[in-house]
A.B. asks: 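Pasting a structure here, questions to come.
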Amino acid sequence: MSKSSSSRTINEVLMAAAHARSCSSKKKLGDQTPNSKEFSSSLSNKKMKLGDQSPNLKEPIQKSSKSEDQSLHPTATTTTTPEETSVQLKKRSGDFNPNSAAFWKKGESVPFLFLARAFDLIDKESRRTEMSTILCNTFRTVIATTPKDLTAVVYLSCNKIAPSYEDLELGLGETSLVKAIADAYKIDVKHIKSKLKILGDLGLVAKASCSSQVKLFNYKPPPLTVVKVLDTCRTIAKESGKDSQGNKRGHVKGLLDAATDCEPQYLFRLLQSKMRIGLAEQTVLVALGQAAVYSENQSALPSPSALDEATEIIKKVYSLLSNFDKIIPALLESGIWKLAELCRFTPGVPIGPMLAKPTRGVSEILKKFHGSEFTCEYKYDGERAQIHYMEDGSVEIYSRNGERNTGKFPDVANSVKRFKKSSITSFVIDCEVVAYDVDKQKILPFQILSTRARKGVNMNDITVKVCVFVFDLLYLNGESLLEEQLIDRREHLYDSFEEVTGEFQFATTMVSYEPKDIQSFSKLL
DNA sequence: GCCCCTGCCTC
DNA sequence: TTCGGAG
DNA sequence: CTCCGAAGAGGCAGGGGC
């Protein structure tokens with residue numbers, strides 16, 4: 001098992017374009033080409049930028065003339081049927097009437113069936129642009145009828161139940177869900193399992209089981225709503241302790257009892273966190289941005305550039321503040337064009353990380369960088385960590401995926417403040433936490449790090465010591481540094497912290513114009 | 001009290 | 001993490 | 001190139017069972 005990860009050595013090199021985070025405009029270090037956003041690394045990975053921070057959120061060309069006056073929308077939409085909904089949602093955005101697809105009254109809770117139908121349409125579509133259109137129409141419908149449900153709709157569309165840093169897990173996997181179906185329908189677990197093998201998907205199994213189910217009672221639970229589904233998911237996630245498994249199953253059964261049509265299928269895929277309809281966060285964001293544009297300007301069709309701009313804004317905003325509970329209300333209240341002002345990078349909320357991207361070799365890199373200044377950086381073999389130090393002295397640590405990791409690294413959380421200079425009142429750093437042998441002063445392989453306890457770690461129980469290798473500073477003394485060049489952020493970084501060997505060190509880097517330096521740098525191992 | 005299965009998360 | 005498919 | 005989805009290794013945590 002010395003799998004790839006452990007075979008990577010600590011000395012592996014990683015390089016990034018010198019202007020990393022703020023990709024678009026500013027460059028000061030060479031390479032102005034439009035595709036100067038990426039980096040490549042020599043050995044196996046490299047870092048890449050995150051979601052665009054195009055600093056030019058200029059005034060929208062298509063200012064919304066009248067934004068929120070919903071009163072002029074044609075009234076009600078009670079005559080539409082679920083079937084009709086599907087037809088409407090597939091229309092091109094320009095031809096779509098946001099009041100045509102709803103089969104519930106304005107202000108009423110959005111039925112889960114509406115969303116399930118949209119998922120079903122998307123499932124049958126392979127073009128992401130089309131998926132996005134369908135979802136865009138879906139969002140527009142919700143905005144036009146029951147905007148307060150938009151947050152729930154967006155969460156479910158992303159297959160999330162809360163921001164990732166809130167540590168809310170369903171705790172339901174395939175096995176539990178199979179049991180839940182068996183429970184609910186009084187079917188043998190074995191039958192469910194064999195069906196699962198045949199159909200290949202738990203959602204389909206749920207659907208099939210549901211339709212073959214004979215309802216013995218006339219009692220019919222009220223239709224599911226999007227909010228109900230989301231709330232129940234959260235309830236399931238919070239269930240813990242004795243009998244929690246059974247309780248969770250009970251909640252699932254409750255949902256299943258009320259599910260009809262294609263609802264069971266998507267309900268179970270949601271519960272399994274495997275939507276597999278080809279739609280995920282990025283596509284949802286695109287749809288959301290565009291829906292916002294269309295909804296703001298009912299009378300005129302938005303220009304393509306306005307739509308692109310909206311997409312950029314929403315992606316950027318989400319990478320800075322990945323919390324729909326904050327973004328959606330702001331979006332509904334003030335519109336897409338002001339969103340960036342309202343939703344800023346905030347300490348305490350993890351920012352989307354710039355990720356490395358594999359390259360096939362040094363030669364590939366050599367070409368890419370001749371003529372431009374570039375930088376290389378060691379890629380340490382540990383765990384990514386984003387450390388937030390707030391004004392009040394509190395610390396939070398987040399993983400690569402934005403999960404709160406603070407409880408896993410109490411040693412780091414307690415020590416970081418010792419490495420900052422006293423004038424520093426708040427900061428966010430990006431770093432790699434690496435297992436470290438204090439006696440031998442040596443970095444240990446990832447394997448060792450992975451044996452650390454993961455939750456509620458007690459300082460006294462720590463056996464694997466770690467060293468933090470910082471490579472970026474994203475926020476300092478109340479101000480975001482995201483608009484600055486990587487090279488400049490590094491300067492701030494070096495100015496703001498003191499290294500302590502074996503505890504807190506700066507990642508080894510090199511900056512050059514000479515492609516051949518890449519090779520020599522990578523030989524440092 | 002101990003062990004296993006399931007879920008989740010890291011790379 | 002790496003891979004492969006689709007657009 | 002971007003996005004999505006699937007797969008794989010190793011390992012901790014929590015619950016359920018005995």
Side-chain angles (χ1 to χ4, degrees), chain A residues 1-10 12 23 34-38 40-41 43-46 48-52 122-123 125-132 158-159 164-165 167-180 200-201 236-237 239-249 269 271-287 311-312 315 353 355-360 368 379-385 397-405 407-409 432-435 445-457 461 463-464 466:
Chain A
M1 34 163 281
S2 53
K3 78 299 310 24
S4 63
S5 66
S6 57
S7 63
R8 257 185 302 124
T9 71
I10 332 109
E12 197 158 316
C23 54
N35 43 351
S36 59
K37 317 170 150 184
E38 63 243 324
S40 352
S41 92
L43 301 202
S44 64
N45 307 279
K46 114 308 260 42
M48 173 62 250
K49 83 220 198 139
L50 77 159
D52 281 68
I122 291 169
D123 189 30
E125 178 59 65
S126 68
R127 293 163 297 185
R128 226 179 309 130
T129 48
E130 281 306 309
M131 299 180 187
S132 169
C158 289
N159 206 346
S164 40
Y165 58 90
D167 194 33
L168 217 58
E169 302 305 326
L170 282 167
L172 284 175
E174 187 173 287
T175 308
S176 310
L177 290 172
V178 165
K179 276 186 200 164
D201 175 86
I236 290 172
E239 207 67 69
S240 72
K242 184 161 168 50
D243 296 330
S244 59
Q245 290 304 308
N247 293 340
K248 285 178 193 238
R249 258 179 269 142
R269 289 189 178 185
L271 291 169
Q272 214 181 174
S273 298
K274 290 194 329 188
M275 285 298 280
R276 45 185 252 172
I277 57 177
L279 168 146
E281 208 155 84
Q282 294 308 303
T283 309
V284 172
L285 292 176
V286 171
T311 296
E312 288 222 0
K315 285 191 178 186
L355 300 176
K357 191 165 68 71
T359 180
R360 225 165 340 86
K368 211 167 222 164
K379 185 177 186 305
Y380 297 86
D381 191 12
E383 205 174 305
R384 186 77 172 266
I397 301 175
Y398 301 96
S399 75
R400 165 206 159 111
N401 294 321
E403 310 265 345
R404 185 178 279 119
N405 250 346
K408 178 176 179 178
F409 297 110
E432 190 82 1
V433 175
V434 179
F446 173 77
Q447 197 112 314
I448 303 294
L449 178 67
S450 76
T451 64
R452 276 194 50 136
R454 284 192 297 221
K455 287 182 127 178
V457 175
D461 302 335
T463 52
V464 177
V466 298

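Naming convention: chains lettered A, B, ... in sequence-line order (proteins, then strands); numbering from 1 in each chain.
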A.B. asks: Taking CD from A/Glu383 and P from C/dT1, how many angstroms apart are they, rounded to a whole number?
C.D. replies: 11 Å
A.B. asks: Would you tell me if any nitrogen or oxygen in the side chain of A/Lys379 comes within less than 4.0 Å of OP1 or OP2 on C/dT1?
C.D. replies: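 Answer yes for this pair, as a side-chain N or O of A/Lys379 is under 4.0 Å from OP1 or OP2.
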A.B. asks: Could you please name the option among D/dG5, B/dC8, B/dT10 that lies closest to any side-chain atom of A/Glu403?
C.D. replies: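 Minimum distance to the A/Glu403 side chain belongs to B/dT10.
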A.B. asks: Verify the contact: side-chain N or O of A/Ser450 to OP1 or OP2 of B/dC11, cut-off strictly under 4.0 Å; return yes or no.
C.D. replies: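 No, because none of the side-chain N or O atoms of A/Ser450 sits under 4.0 Å from OP1 or OP2 of B/dC11.
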A.B. asks: Given that A/Val457 and A/Gly278 both sit by DNA chain D, which one's nearest nucleotide is further toward the 5' end?
C.D. replies: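 Nearer the 5' end of the strand: A/Gly278.
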A.B. asks: When you get a sec, tell me which of D/dG11, D/dC3, B/dT10 is the closest nucleotide to the side chain of A/Ser399?
C.D. replies: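 For the A/Ser399 side chain, the nearest candidate turns out to be B/dT10.
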A.B. asks: What's the spacing between A/Glu281 CD and A/Leu285 CG if we round to 0.5 Å?
C.D. replies: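 Here the interatomic distance stands at 6.0 Å.
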A.B. asks: Has A/Arg400 got a side-chain N or O lying under 4.0 Å from the OP1 or OP2 atom of C/dT1?
C.D. replies: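 For A/Arg400, the contact criterion (side-chain N or O under 4.0 Å from OP1 or OP2 of C/dT1) is met.
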A.B. asks: Side chains of A/Leu271 and A/Ile236: closer than 4.5 Å at any heavy-atom pair?
C.D. replies: yes
A.B. asks: Output yes when at least one side-chain N/O atom of A/Ser240 is less than 4.0 Å from OP1 or OP2 of D/dG14, else no.
C.D. replies: no
A.B. asks: For residues 169-176 of chain A, run the donor-acceptor check on the side chains, cut-off 3.5 Å, and write out each pair with its distance to 0.1 Å, sequence neighbours left out.
C.D. replies:
none

A.B. asks: May I have the distance from A/Arg276 (atom CZ) to C/dG4 (atom P), rounded to whole angstrom?
C.D. replies: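 Interatomic distance, CZ of A/Arg276 to P of C/dG4: 20 Å.
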A.B. asks: Whole angstroms only, please: what is the CE-C1' distance between A/Met275 and D/dG5?
C.D. replies: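 Atom-to-atom, A/Met275 to D/dG5, this comes out as 13 Å.
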A.B. asks: Output the rounded distance in Å from CD (A/Glu312) to P (D/dT2).
C.D. replies: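 After rounding, the reported distance stands at 13 Å.
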A.B. asks: For A/Asp167 and B/dC8, what is the distance between atoms CG and C1' respectively, to the nearest whole Å?
C.D. replies: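 Rounded to the whole Å, the gap is 11 Å.
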A.B. asks: For a quick test of reading the model: is some side-chain N or O of A/Thr129 closer than 4.0 Å to OP1 or OP2 of C/dG7?
C.D. replies: no
A.B. asks: Just so I know, are the side chains of A/Asn159 and A/Arg269 near enough to count as touching, which here means a heavy-atom distance under 4.5 Å?
C.D. replies: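 Sidechains of A/Arg269 and A/Asn159: no contact.
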A.B. asks: To the side chain of A/Lys315, which of D/dC3, D/dG15, B/dC9 is closest?
C.D. replies: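 Closest nucleotide to the A/Lys315 side chain: D/dC3.
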A.B. asks: Are A/Ser244 and D/dG14 close enough that a side-chain N or O sits under 4.0 Å from OP1 or OP2?
C.D. replies: no
A.B. asks: Would you mind reporting whether A/Val466 and A/Glu383 have side-chain heavy atoms less than 4.5 Å apart?
C.D. replies: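 Of all side-chain heavy-atom pairs linking A/Val466 with A/Glu383, none is under 4.5 Å.
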A.B. asks: Under 4.0 Å, counting only non-hydrogen atoms across every strand here, what does A/Thr283 touch: a base, just sugar-phosphate, or nothing?
C.D. replies: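 Sugar-phosphate only.
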A.B. asks: With heavy atoms under 4.0 Å as the rule, sort A/Leu449 into base, sugar-phosphate or nothing.
C.D. replies: nothing
A.B. asks: Rounded to the nearest angstrom, tell me the gap between atom CD in A/Gln282 and atom C1' in D/dC4.
C.D. replies: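 Those two atoms, CD and C1', are 10 Å apart.
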A.B. asks: Do A/Lys274 and A/Asp201 sit within salt-bridge range, that is, some charged N less than 4.0 Å from a carboxylate O?
C.D. replies: no
A.B. asks: Ignoring backbone atoms, test whether A/Lys274 places a side-chain nitrogen or oxygen under 4.0 Å from the OP1 or OP2 oxygen of D/dA7.
C.D. replies: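 No, outside the criterion.
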A.B. asks: Considering only heavy atoms from C-beta outward, does the side chain of A/Ile277 approach that of A/Met131 to under 4.5 Å?
C.D. replies: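 In short, these two side chains do not touch, never coming nearer than 4.5 Å.
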A.B. asks: Heavy atoms only, 4.0 Å cut-off, all strands: where does A/Lys242 land among base, sugar-phosphate and nothing?
C.D. replies: sugar-phosphate
A.B. asks: Pick base, sugar-phosphate or nothing for A/Leu177, based on heavy-atom distances below 4.0 Å to the nucleic acid.
C.D. replies: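 Counting heavy atoms under 4.0 Å across all strands, no contact is made by A/Leu177.
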A.B. asks: With respect to the phosphate group of B/dT10, does any side-chain polar atom (N or O) of A/Arg384 fall under 4.0 Å of OP1 or OP2?
C.D. replies: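 The answer is no; no side-chain N or O of A/Arg384 sits under 4.0 Å from OP1 or OP2.
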A.B. asks: Just compare D/dG15, D/dG11, C/dT2 and give me whichever is closest to any side-chain atom of A/Gln447.
C.D. replies: D/dG11
A.B. asks: Please determine, for the side chain of A/Arg127, which listed nucleotide (D/dG5, B/dG7, C/dG7) has the closest atom?
C.D. replies: C/dG7
A.B. asks: Under 4.0 Å between a side-chain N or O of A/Asn401 and OP1 or OP2 of B/dT10?
C.D. replies: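 Yes, A/Asn401 has a side-chain N/O under 4.0 Å of OP1/OP2 on B/dT10.
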A.B. asks: I need the NZ-C1' distance between A/Lys248 and D/dG15, as an integer number of Å.
C.D. replies: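 Nearest whole value for this atom pair: 10 Å.
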A.B. asks: With nearest nucleotides of DNA chain D determined for A/Asp243 and A/Arg128 from heavy-atom distances, which residue corresponds to the more 5′ nucleotide?
C.D. replies: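 Closer to the 5' end of DNA chain D: A/Arg128.
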A.B. asks: Between A/Thr175 and B/dC5, is there a side-chain N or O to OP1/OP2 distance below 4.0 Å?
C.D. replies: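 Negative; the distance criterion is not met.
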A.B. asks: Would you mind reading off the distance between A/Glu174 atom CD and D/dA6 atom C1', rounded to a whole angstrom?
C.D. replies: 14 Å
